[in-house]
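I am attaching a structure below and will ask some questions about it afterwards.
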Amino acid sequence: MARYNPKEAEPRQRARWAEAGVFRTRTPEEAGGKPKYYVLEMFPYPSGRIHVGHARNYVMGDVVARYKRAQGFNVLHPLGWDAFGLPAENAAIERGVHPAKWTYENIDTMREQLKLLGLSIDWEREFATCDPEYYGKQQAWFLELYRRGLVYQREAVVNWDPVDNTVLANEQVVDGLGWRSGAVVEKRKLTQWFLRITAYADRLLEGLQTLDRWPDKVRLMQENWIGKSQGARLEFKFADGPLAAHDQGVEVYTTRPDTLYGASFIAISPDHPLAEQVARASAEAAAFIEECRRGGTSEAEIEAGEKLGFFTGLEVLHPFDGRRLPVWIANFVLMEYGTGAIFGCPAHDQRDIEFARKYGLPVTPVVLPPGEDPATFDVADEAYVGPGTIFHSDFLDGLGVEDAKAAAIARLEAEGRGKGTTVYRLRDWGVSRQRYWGCPIPIVHCARCGPVGVPEDQLPVKLPEDVDFSRPGNPLLHHPTWRHVNCPGCGGPGERETDTLDTFVDSFWYFARFADPTAEEPISRAAADYWLAVDQYIGGVEHAVLHLLYARFVTRALKDAGKLSVEEPFAGLFTQGMVVHETFRRPDGRWLEPGEVEARGGQWVESATGQAVELGGVEKMSKSKKNVVAPESVIESHGVDSARLFVLSDSPPERDVQWTSAGLEGAWRFVHRVWSEFEGQPEGAFEHDASDEAALALRRATHKTIKAVTDGLDSFRFNTSIARLYEFMNALKAAPAQGASSAVLAARVEALEALAKLVAPFTPHLAEEAWTRLGREGMLAELPWPAYDRTLAADDEKVLPVQINGKRRAEIRAPAGAGAQAVESIALADEGVTRHLEGLTVRKVIVVPDRIVNIVAG
RNA sequence: GCGGACGUGGCGGAACUGGUAGACGCAGCGGACUUAAAAUCCGCUUCCCGAAAGGGAGUGUGGGUUCGAGUCCCACCGUCCGCACCA
């Protein structure tokens with residue numbers, strides 16, 4: 001018997017699909033009345049080559065796309081390239097290759113690799129974000145948001161990466177280190193461009209409620225990220241001095257206005273304007289602020305969490321009782337949140353009590369926990385943050401915490417000293433980057449007109465190609481001519497903005513561009529109205545906040561600008577797990593590739609030397625640990641269908657899967673078993689016969705499998721769908737074949753047709769080969785999904801376990817749907833049951849129809 | 001510290017809304033085929049006692065609810081993820 005030969009079959013099937021153009025997206029007109037379905041995987045960064053870890057993401061999308069197409073949807077399944085970014089520039093610096101050349105060559109390589117996976121992608125819609133055609137459209141909508149006040153410029157303290165020579169967003173700083181370079185991040189003040197996402201904080205929060213096909217985890221992460229909190233702003237006036245004479249004060253934000261009478265100090269951020277003012281007069285204060293800025297973000301320091309303060313010598317007055325409170329500069333107060341100033345209530349805030357104990361400030365409890373005696377209750381080193389009754393607080397005495405908050409706010413508002421407000425943790429995103437390989441910000445700076453947007457007819461603002469990477473810093477700034485242009489406003493001398501957009505911006509809208517990647521406007525309204533929202537978006541959970549939140553923001557902003565109709569870009573989201581793999585390390589610390597080691601006598605050794613190697617742990621595939629597996633090598637040995645099947649079968653899709661050659665072998669065995677099952681099919685017409693038991697059993701297995709696989713695909717449980725297919729194969733092999741009755745042969749043909757169609761989303765090449773082998777015309781890629789017969793998918797007889805006092809003692813057979821009475825009599829008559837009931841009295845019989853019988857006896 | 005998820009055989013993992021725990025795969029063991037090996041095919045495989053029939057235990061630990069708990073409730077232990085001095 002011939003072996004299945006994927007090396008020969010797989011390219012043949014891909015050629016058939018390409019020739020027939022089955023994966024070209026159909027226009028709404030061509031699609032007739034078919035409903036649309038948009039499947040999208042987060043697009044790749046063209047870093048060089050793909051490995052099987054990348055492949056899992058695209059294979060999952062492909063399974064969905066093929067399944068939905070078979071179900072009669074008009075499917076859009078495109079792919080593009082997130083092509084701007086630092087690695088291209090680093091390659092330019094290190095190897096002297098132009099970023100564009102490096103990027104497009106990588107794209108060519110990776111496109112060919114991806115095509116080997118047999119993905120049902122419409123390659124006609126492919127684009128790269130570094131195509132001027134794409135980023136020019138991005139500049140157009142960027143200017144639209146600028147006109148609408150959602151893009152603005154301001155001076156800001158930024159995170160400066162001294163190795164990559166660029167600004168990083170807070171989100172790109174991990175434990176005080178640059179997320180790419182790993183360098184210690186410094187603070188610098190620069191004029192930056194920002195996206196005003198904070199204007200949409202509330203709408204983004206509310207919108208989460210509508211995303212019922214998103215993982216709860218991701219919605220929760222976004223909710224926390226937006227960080228809405230209710231509280232009050234209020235002002236503490238200076239007690240004396242020149243500031244008091246000008247009726248000045250310190251504005252603070254609090255979520256606990258109920259504890260105002262417990263206030264014992266005011267703390268301001270080292271970055272607060274008042275702190276800077278104090279520092280101008282006091283070298284000591286200046287030194288303290290300097291110390292705060294230097295320290296800060298490293299994990300160890302925050303863990304230690306030492307509270308540091310500096311008394312400014314200033315005092316303010318309590319708004320209600322007029323007490324004098326000292327103003328301190330404190331290292332734990334953040335300028336970016338609230339007003340950059342707080343009032344300290346040590347008894348009811350843990351940070352405040354640590355601060356108060358350290359500097360000897362008073363501690364006055366004002367919230368009495370339930371059951372405590374007001375005369376004796378006190379706080380030691382642990383603040384009380386629970387519920388209780390307000391005391392020591394004049395007009396608030398006796399109120400609960402929530403009522404006291406409302407009463408305090410009401411009085412502040414009545415006296416014009418403050419007001420209730422909502423504060424968000426979410427901050428605007430700084431999008432300026434001092435790099436070459438990114439989308440130029442389409443602004444010209446003019447001494448007379450200020451920043452002016454480049455007129456639409458002059459877009460795109462293209463990157464110059466002749467750039468010099470031999471100097472550190474931004475090549476656009478060093479370019480001899482590029483930035484010198486006339487002001488579009490007054491015609492006078494102007495200068496281009498030399499910052500480029502953070503590459504995250506490129507991915508904020510690409511899904512909308514796919515609706516019509518050649519449209520004149522950035523987003524074709526008609527095409528987007530048809531295709532958006534994305535029905536199923538698939539990608540890694542690492543994008544749970546940044547990319548997914550900003551894409552939601554930009555979608556809303558563009559909707560408000562009349563460019564789109566949808567509010568939410570991604571109706572369904574699935575966050576898939578990675579492919580992890582064992583790592584191997586020599587005693588000298590050098591990592592070894594999987595191909596360089598082998599198991600000998602239960603011990604891993606380096607093949608070349610026979611030297612023992614250590615296992616370095618199962619980790620995400622990465623070049624640095626050399627545990628990547630190239631798709632080509634797998635395709636060469638087992639074919640791509642085996643690889644697709646394995647990465648989907650061995651773990652649930654949302655969890656990581658460990659790549660093992662044994663697992664791949666298992667998948668390959670299945671591929672081969674399926675193929676050989678289609679060998680030598682009997683010719684002729686056969687008829688179903690319900691009285692033929694063997695035939696009926698096979699038909700039941702077929703229809704049950706169709707149902708189970710369909711349900712699994714609908715709920716993203718690919719691993720269980722595949723398990724059911726394995727089971728079905730076992731049943732099929734066990735069923736009679738040679739010399740069987742006409743009814744069995746009819747059931748067999750039905751089973752094989754279903755099998756070919758059911759495996760098609762997972763192992764599409766194999767499925768087409770099988771279909772042809774069965775003597776069928778056409779391609780499965782164009783054929784409908786199989787339907788199941790409800791009656792055949794359900795059993796007509798059930799096997800029910802019988803428990804006696806909760807222990808399983810026997811099994812009985814009963815017709816499906818039999819009533820409790822009938823089942824009870826069958827059970828009580830069963831010999832296996834009566835044997836265990838000897839000497840006992842039946843007290844109670846519980847029958848769950850079609851499920852279980854439990855007899856309580858004693 | 002705050003928020004969340006999860007603990008099931010040697011391993012990856014199944015188990016619908018509380019109803020036969022361990023589907024399916026991997027590894028392992030036994031057998032067939034073969035001069036032999038690979039490949040393939042068939043069988044066994046949670047643990048303990050037993051030749052078997054059968055019995056007992058069992059889903060991180062301890063309690064609880066229930067005729068019945070992997071699933072629900074309480075407490076604890078452990079692992080992973082997110083945020084992190086957010087007032």
Side-chain angles (χ1 to χ4, degrees), chain A residues 1 3 171 175 215-218 220-225 227-229 231-232 252-256 259 267 269 296-297 299 301-308 330-334 336-345 348-352 354-355 423-427 541-542 544-545 645-646 649-652 654-658 660-670 672-673 676 708 711 715 717 719-730 733-734 799-811 843-857:
Chain A
M1 182 173 69
R3 303 272 296 160
E171 294 77 9
D175 297 336
D216 291 341
K217 177 194 166 94
V218 174
L220 186 68
M221 281 166 75
Q222 292 208 354
E223 192 182 317
N224 292 341
W225 194 265
K228 184 175 184 170
S229 86
V252 305
Y253 172 73
T254 180
T255 55
R256 295 295 303 272
T259 64
S269 165
T297 47
E299 201 172 4
E301 280 168 289
I302 289 175
E303 207 63 52
E306 200 192 352
K307 306 288 178 281
L308 297 174
N331 67 339
F332 63 91
V333 181
L334 305 172
E336 304 86 48
Y337 185 77
T339 61
I342 61 161
F343 77 79
C345 175
H348 305 293
D349 183 286
Q350 190 55 35
R351 287 161 314 193
D352 294 349
E354 286 170 29
F355 192 79
V423 166
Y424 298 92
R425 206 195 75 119
L426 182 69
R427 287 170 217 156
V541 73
E542 66 273 21
V545 178
L645 191 67
F646 171 59
S649 67
D650 215 41
S651 285
E654 67 277 12
R655 236 181 276 179
D656 291 349
V657 63
Q658 186 181 349
T660 61
S661 50
L664 179 67
E665 292 283 345
W668 159 246
R669 267 196 286 278
F670 178 75
H672 183 248
R673 275 157 60 107
S676 54
D711 290 349
S715 55
R717 296 196 319 251
N719 55 325
T720 53
S721 283
I722 292 168
R724 297 309 292 267
L725 285 166
Y726 275 90
E727 242 178 297
F728 185 44
M729 262 307 295
N730 292 339
K733 285 194 94 72
V799 175
L800 308 188
V802 181
Q803 295 183 336
I804 294 167
N805 293 332
K807 289 202 185 293
R808 180 173 168 276
R809 294 297 185 189
E811 269 180 5
R843 299 241 164 87
K844 193 174 174 188
V845 180
I846 294 130
V847 176
V848 183
D850 293 347
R851 276 288 153 86
I852 199 166
V853 180
N854 193 4
I855 300 170
V856 185

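Protein chains get the first letters and strands the later ones, always in sequence-line order, with residue 1 at the start of each. What you are looking at is a predicted structure, and each value in this text was computed from that prediction instead of being measured.
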Practice task
Could you tell me which non-hydrogen atom of A:Gln222 sits nearest to which non-hydrogen atom of A:Val545, and how far apart they are?
Solution key: NE2-O, 4.0 Å
Practice task
Select base, sugar-phosphate, or nothing to describe what A:Arg669 touches, counting heavy atoms under 4.0 Å on all strands.
Solution key: sugar-phosphate
Handout entry: Under 4.0 angstrom between A:Tyr726 side-chain N/O and B:G25 OP1 or OP2
Key = no
Practice task
Please tell me if the side chains of A:Asp349 and A:Arg256 come closer than 4.5 Å, counting only heavy atoms from C-beta onward.
Solution key: no
Practice task
Identify the nucleotide, in any strand shown, that forms a Watson-Crick or G-U wobble pair with B:C76, with both distances under 3.5 Å; if there is none, say none.
Solution key: B:G60
Handout entry: Separation of atom CG in A:Asn224 from atom P in B:G3, rounded to whole Å
Key = 10 Å
Handout entry: Close side-chain approach of A:Ile342 to A:Tyr337, heavy-atom, < 4.5 Å
Key = no
Fill in the blank from the handout: Among B:C41, B:C24, B:C67, the one nearest any side-chain atom of A:Lys844 is B:C67
Handout entry: Given RNA chain B, 5'-ward residue of the pair A:Arg425 and A:Leu800, judged by closest heavy atom
Key = A:Leu800
Fill in the blank from the handout: Going 5' to 3' through nucleotides 11-19 of chain B and flagging B where a protein heavy-atom sits under 4.0 Å of the base, S where only the sugar-phosphate is that close, and - otherwise, we get -SSS-B--B
Exercise for the section: Identify which nucleotide among B:A87, B:C41, B:C81 has an atom closest to any side-chain atom of A:Thr255, counting heavy atoms from C-beta outward. Expected result: B:A87
Practice task
Measure from the side-chain heavy atoms of A:Leu220 and tell me the nearest of B:A87, B:U20, B:G3.
Solution key: B:G3
Practice task
For nucleotides B:G63 and B:G55, find the distance between their C1' atoms and express it as a whole number of Å.
Solution key: 28 Å
Problem - C1' spacing across the pair B:G3 / B:A27, given as an integer number of angstrom - result: 39 Å
Exercise for the section: Rounded to whole angstrom, note down the P distance from B:G64 over to B:A69. Expected result: 12 Å
Practice task
Please work out if A:Asn730 contacts a base, only the sugar-phosphate, or nothing of the nucleic acid, heavy-atom cut-off 4.0 Å.
Solution key: sugar-phosphate
Exercise for the section: Could you tell me whether A:Val799 contacts a base, only the sugar-phosphate backbone, or nothing, with contacts defined as non-hydrogen atoms closer than 4.0 Å? Expected result: base
Handout entry: Sub-4.5 Å side-chain heavy-atom contact between A:Phe670 and A:Leu725
Key = yes
Handout entry: Nearest-Å distance for atom pair CG/P, residues A:Asn805 and B:A69
Key = 12 Å
Problem - Side chains of A:Asn730 and A:Arg673 in contact at under 4.5 Å (non-hydrogen atoms) - result: yes
Completion exercise
Atom CD of A:Glu542 and atom P of B:C81 are separated, to the nearest Å, by 13 Å
Problem - Donor-acceptor pair under 3.5 Å, A:Lys307 side chain vs B:C85 base - result: yes
Exercise for the section: Look at all strands and tell whether A:Gly666 reaches a base, only sugar-phosphate, or nothing, counting heavy atoms closer than 4.0 Å. Expected result: sugar-phosphate
Problem - B:C33 and B:A37, which share atom name P, separated by this distance in whole Å - result: 12 Å
Practice task
Using a heavy-atom cut-off of under 4.0 Å over every strand shown, decide if A:Lys807 touches base, sugar-phosphate, or nothing.
Solution key: sugar-phosphate
Handout entry: Watson-Crick or G-U counterpart of B:G18, or none if no pair lies under 3.5 Å
Key = none
Practice task
Could you tell me whether A:Glu665 contacts a base, only the sugar-phosphate backbone, or nothing, with contacts defined as non-hydrogen atoms closer than 4.0 Å?
Solution key: nothing
Handout entry: Closest to side chain of A:Leu334, choosing from B:A39, B:C67, B:C85
Key = B:C85
Problem - Test: A:Glu727 and A:Arg724 ion pair at under 4.0 Å - result: yes
Exercise for the section: In whole angstrom, give the distance that lies between atom CG of A:Asp349 and atom P of B:C2. Expected result: 13 Å
Problem - Separation of B:A5 C1' from A:Met221 CE (nearest whole Å) - result: 12 Å
Handout entry: Atom-pair distance (CH2 on A:Trp668; C1' on B:C26), nearest Å
Key = 18 Å
Exercise for the section: Could you walk me through whether A:Asn805 and A:Val856 pass side-chain contact (heavy atoms from CB on, under 4.5 Å), step by step? Expected result: CA-CA 5 Å; A:Asn805 293 332; A:Val856 185; 3.9 Å; yes
Problem - Expected output: side-chain A:Asp352 to main-chain A:Cys345 donor-acceptor under 3.5 Å - result: yes
Problem - N-glycosidic conformation, B:G10 - syn within 90 degrees of 0, else anti - result: anti
Completion exercise
Partner of B:C2 under the Watson-Crick or G-U wobble criteria, both distances under 3.5 Å, comes out as B:G82
Exercise for the section: Write down the distance separating the C1' atoms in B:C16 and B:A52, rounded off to the nearest Å. Expected result: 37 Å
Practice task
Can you tell me, in whole Å, how much space there is between the C1' of B:C41 and that of B:U34?
Solution key: 13 Å
Problem - B:C26 and B:U45, which share atom name C1', separated by this distance in whole Å - result: 13 Å
Practice task
Answer with base, sugar-phosphate or nothing: what part of the nucleic acid does A:Val541 contact at a heavy-atom distance below 4.0 Å?
Solution key: nothing
Handout entry: Minimum-distance nucleotide (side-chain atoms of A:Arg808 versus B:C83, B:U20, B:A87)
Key = B:U20
Exercise for the section: Would you check if A:Ser269 and A:Leu334 make a side-chain contact, meaning some heavy-atom pair closer than 4.5 Å? Expected result: no
Handout entry: Backbone of A:Leu308 reached by a side-chain donor or acceptor of A:Asn331 within 3.5 Å
Key = yes
Completion exercise
Separation of B:C80 atom P from A:Lys217 atom NZ, nearest Å, is 13 Å
Fill in the blank from the handout: Checking B:U20, B:G82, B:C86 against the side chain of A:Tyr337 (C-beta onward), the nearest is B:C86
Problem - Rounded distance in Å between the P positions of B:U65 and B:U71 - result: 15 Å
Problem - Interatomic distance where CD belongs to A:Gln222 and P belongs to B:C83 [whole Å] - result: 12 Å
